[in-house]
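Inspection log for the structure reproduced underneath, given as structure tokens.
Since this is a predicted model, take the numbers as computed values, not measurements. Below, all heavy atoms of this structure are taken into account, side chains as well, without hydrogens, waters or symmetry copies. Residue indices begin at 1 and follow the sequence shown.
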Amino acid sequence: MVNWANARDIVAFWLLGLCNNYGYVIMLSAAEDILDNQKGTTSTNTTSTCETSLDSRHCNSISAGAVLLADNLPALVVQTTFPFFMHRFPFGFRAILVFILQAASYFVVAYSGNIAMSLAGVCMASLGQGIGEITFLAMAAHYVPETIASWSSGTGGAGLIGSFSYAFITQAGLSPSNTLLAQLFIPVLFAAAYFILLTIPETVYSPTFHPKTWIIPENYDKDVFEAAEARGDVMNTKKVPQRELSPLDRLKLIGPLLYLMIPLATVYCAEYMINQGLTELIIFNCSQGLNLPLSSQYRWYQVLYQLGVFLSRSSVKFFEMPLWMIWCLPVLQCANMIFFFFEAVYWFTPTIIIIFVLIVFEGLLGGSAYVNTYNKIHKKVNPDVREYSLSAASMGNSLGTNIAAFLSIPLYNWVCSMKAPHR
């Protein structure tokens with residue numbers, strides 16, 4: 001049974017996951033608008049009515065991959081370097097830093113007057129998201145395993161709520177800038193979740209110990225410990241301090257995680273190649289596209305993708321994937337990417353509904369890879385190195401996303417250079 005204190009922590013981690021990823025999702029959902037609005041004109045891709053016939057690709061001079069790059073490259077730098085020294089900074093300090101970066105990103109993008117300033121604001125959101133992810137994944141090592149599921153579900157909720165709210169509000173007529181300003185309550189909710197709702201175990205701020213000097217209790221039984229931990233009993237990770245690790249120790253601990261990090265990175269690479277390199281190029285006329293204007297088609301692609309992510313990231317309490325299924329996910333996601341590539345080139349799908357279904361499936365695969373990877377790490381890694389292992393594993397999804405960001409830009413430009421089929 002989960003007691004009241006654990007229930008508070010589980011809710012807090014859900015809110016922290018929601019708020020941490022919210023700005024990141026908003027920036028990706030607004031990718032086309034961010035680029036179009038800085039030109040001083042509205043591009044053909046943001047027409048407010050659907051088109052009865054399509055004979056051009058409606059490409060932007062800068063693809064949404066540029067926004068993806070700005071939204072992920074800073075996070076990659078954070079997630080590949082911070083795990084080696086971030087333990088020197090208190091969790092509270094990191095939470096305040098995330099709050100400041102979140103709030104600043106909305107203001108900078110909303111009031112920017114050029115693409116460079118907009119992308120600088122997107123980078124702030126990326127830094128906040130990256131620092132937040134490695135911070136709270138590491139912090140989950142001090143709580144019951146349900147906090148990983150809760151965090152993952154919250155990040156999935158950020159995708160669904162963020163993309164839907166952006167699509168709905170802009171569709172209702174509010175400008176992209178005012179839509180971003182309307183989201184400023186999110187950093188406030190983040191601060192409340194951390195400083196008011198979350199309980200802080202003693203081990204979060206206690207000094208680390210050296211393995212040679214740590215004395216294991218005589219009655220310690222690993223099997224009993226793990227069973228009690230899974231139930232959320234008193235004897236859980238709150239009673240296990242984290243080992244003091246040298247830089248070499250930290251590098252060595254990455255090796256045993258690669259069997260989970262590699263499929264996660266592959267899934268994310270294929271996933272974001274689809275989202276930011278190909279779906280921009282998949283457009284439908286009125287009869288095939290449910291009468292949606294071109295700009296709305298891209299926004300609703302994002303909403304449905306995030307729906308799949310949310311459902312799968314919330315599923316681990318009902319179904320935990322075995323390792324062989326986790327390794328099937330990159331195969332399926334790469335197959336998805338190949339389909340979307342040929343669709344972007346040849347426009348052979350007869351209706352947007354098929355694309356909608358496949359995008360939900362894409363989100364299901366990505367969310368499943370994320371939550372099952374971190375759930376396995378939380379349960380399989382030794383408790384005394386769990387904090388570091390959870391933060392270090394985030395390099396997998398960040399690296400995959402950044403590879404996709406670099407590749408999606410030339411892929412987008414290459415497809416745009418091809419003659420468009422008629423639709």
Side-chain angles (χ1 to χ4, degrees), residues 18-43 45-46 60-78 96-133 155 158-191 272 275-276 279-280 295-296 298-299 301-303 305-306 398 401-402 405 408-409:
L18 172 74
C19 298
N20 188 71
N21 280 36
Y22 198 90
Y24 170 86
V25 170
I26 286 288
M27 299 306 170
L28 291 185
S29 297
E32 285 196 334
D33 293 331
I34 288 171
L35 296 172
D36 289 334
N37 287 351
Q38 307 311 324
K39 300 173 187 175
T41 59
T42 302
S43 77
N45 222 23
T46 57
N60 288 311
S61 58
I62 303 176
S63 80
V67 178
L68 177 66
L69 194 58
D71 213 6
N72 282 277
L73 192 57
L76 175 65
V77 173
V78 167
I96 293 171
L97 183 59
V98 171
F99 168 82
I100 293 171
L101 288 168
Q102 284 179 354
S105 67
Y106 291 113
F107 276 113
V108 170
V109 176
Y111 289 113
S112 81
N114 53 66
I115 290 178
M117 188 174 177
S118 291
L119 294 182
V122 173
C123 286
M124 290 181 184
S126 176
L127 281 172
Q129 187 269 339
I131 294 171
E133 182 166 61
T155 58
L160 181 61
I161 298 170
S163 59
F164 180 82
S165 67
Y166 185 83
F168 180 80
I169 295 172
T170 52
Q171 188 81 11
L174 199 64
S175 69
S177 293
N178 288 333
T179 301
L180 289 172
L181 293 175
Q183 315 292 334
L184 280 168
F185 71 94
I186 292 294
V188 177
L189 181 61
F190 170 86
Y272 281 93
N275 288 348
Q276 308 305 128
T279 53
E280 266 191 290
S295 59
S296 291
Y298 179 78
R299 291 172 189 158
Y301 289 159
Q302 294 294 318
V303 172
Y305 160 73
Q306 298 295 352
S398 184
T401 305
N402 278 276
S408 65
I409 295 174

Of the non-hydrogen atoms in [X] and [Y], which two are nearest, and what is the gap between them?
X      : Y      : value
Gly121 : Ser105 : O-CB, 3.2 Å
Val303 : Leu160 : O-CD1, 4.0 Å
Ser177 : Ala110 : OG-O, 3.0 Å
Met117 : Val108 : O-CG1, 3.4 Å
Val188 : Phe99  : N-CE1, 4.0 Å
Met124 : Ala104 : SD-CB, 3.8 Å

Pairwise distance [atom1]([X]) to [atom2]([Y]) - rounded to 0.5 angstrom:
X      : Y      : atom1 : atom2 : result
Thr179 : Leu174 : OG1   : CG    : 4.0 Å
Ser126 : Leu119 : OG    : CG    : 11.5 Å
Tyr272 : Thr279 : OH    : OG1   : 11.5 Å
Gln183 : Ile26  : CD    : CD1   : 4.5 Å
Leu18  : Ile186 : CG    : CD1   : 5.5 Å

(message) Suppose we screen for side chain to side chain contact (heavy atoms under 4.5 Å, CB included). Which residues come up paired with Tyr111, at least two apart in sequence or across chains?
(response)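 With neighbours one apart ignored, the set is Phe107, Leu181.
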
(request) Please name all residues satisfying side chain to side chain contact (heavy atoms under 4.5 Å, CB included) with Ile100, sequence neighbours left out, ordered by chain then number. (result)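 Scan of Ile100 (side chain to side chain contact (heavy atoms under 4.5 Å, CB included), adjacent residues dropped) gives Ile96.
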
(message) According to side chain to side chain donor-acceptor pair (under 3.5 Å), who are the partners of Ser165, at least two apart in sequence or on a separate chain?
(response)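 Listed in chain order: Tyr22.
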
(request) Spell out, as yes or no, whether a donor-acceptor pair under 3.5 Å connects the side chain of Gln102 to the backbone of Cys19. (result)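 Indeed, once roles are kept as given, a pair shorter than 3.5 Å links the two residues.
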
(message) Check whether Asn20 reaches the backbone of Gln129 with its side chain - one donor and one acceptor, N or O, closer than 3.5 Å.
(response)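 Confirmed, Asn20 side chain pairs with Gln129 backbone.
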
(request) Quick one: do Ser175 and Asn178 satisfy side-chain contact (heavy atoms from CB on, under 4.5 Å)? Show the steps, please. (result) CA-CA 5 Å; Ser175 69; Asn178 288 333; 3.2 Å; yes

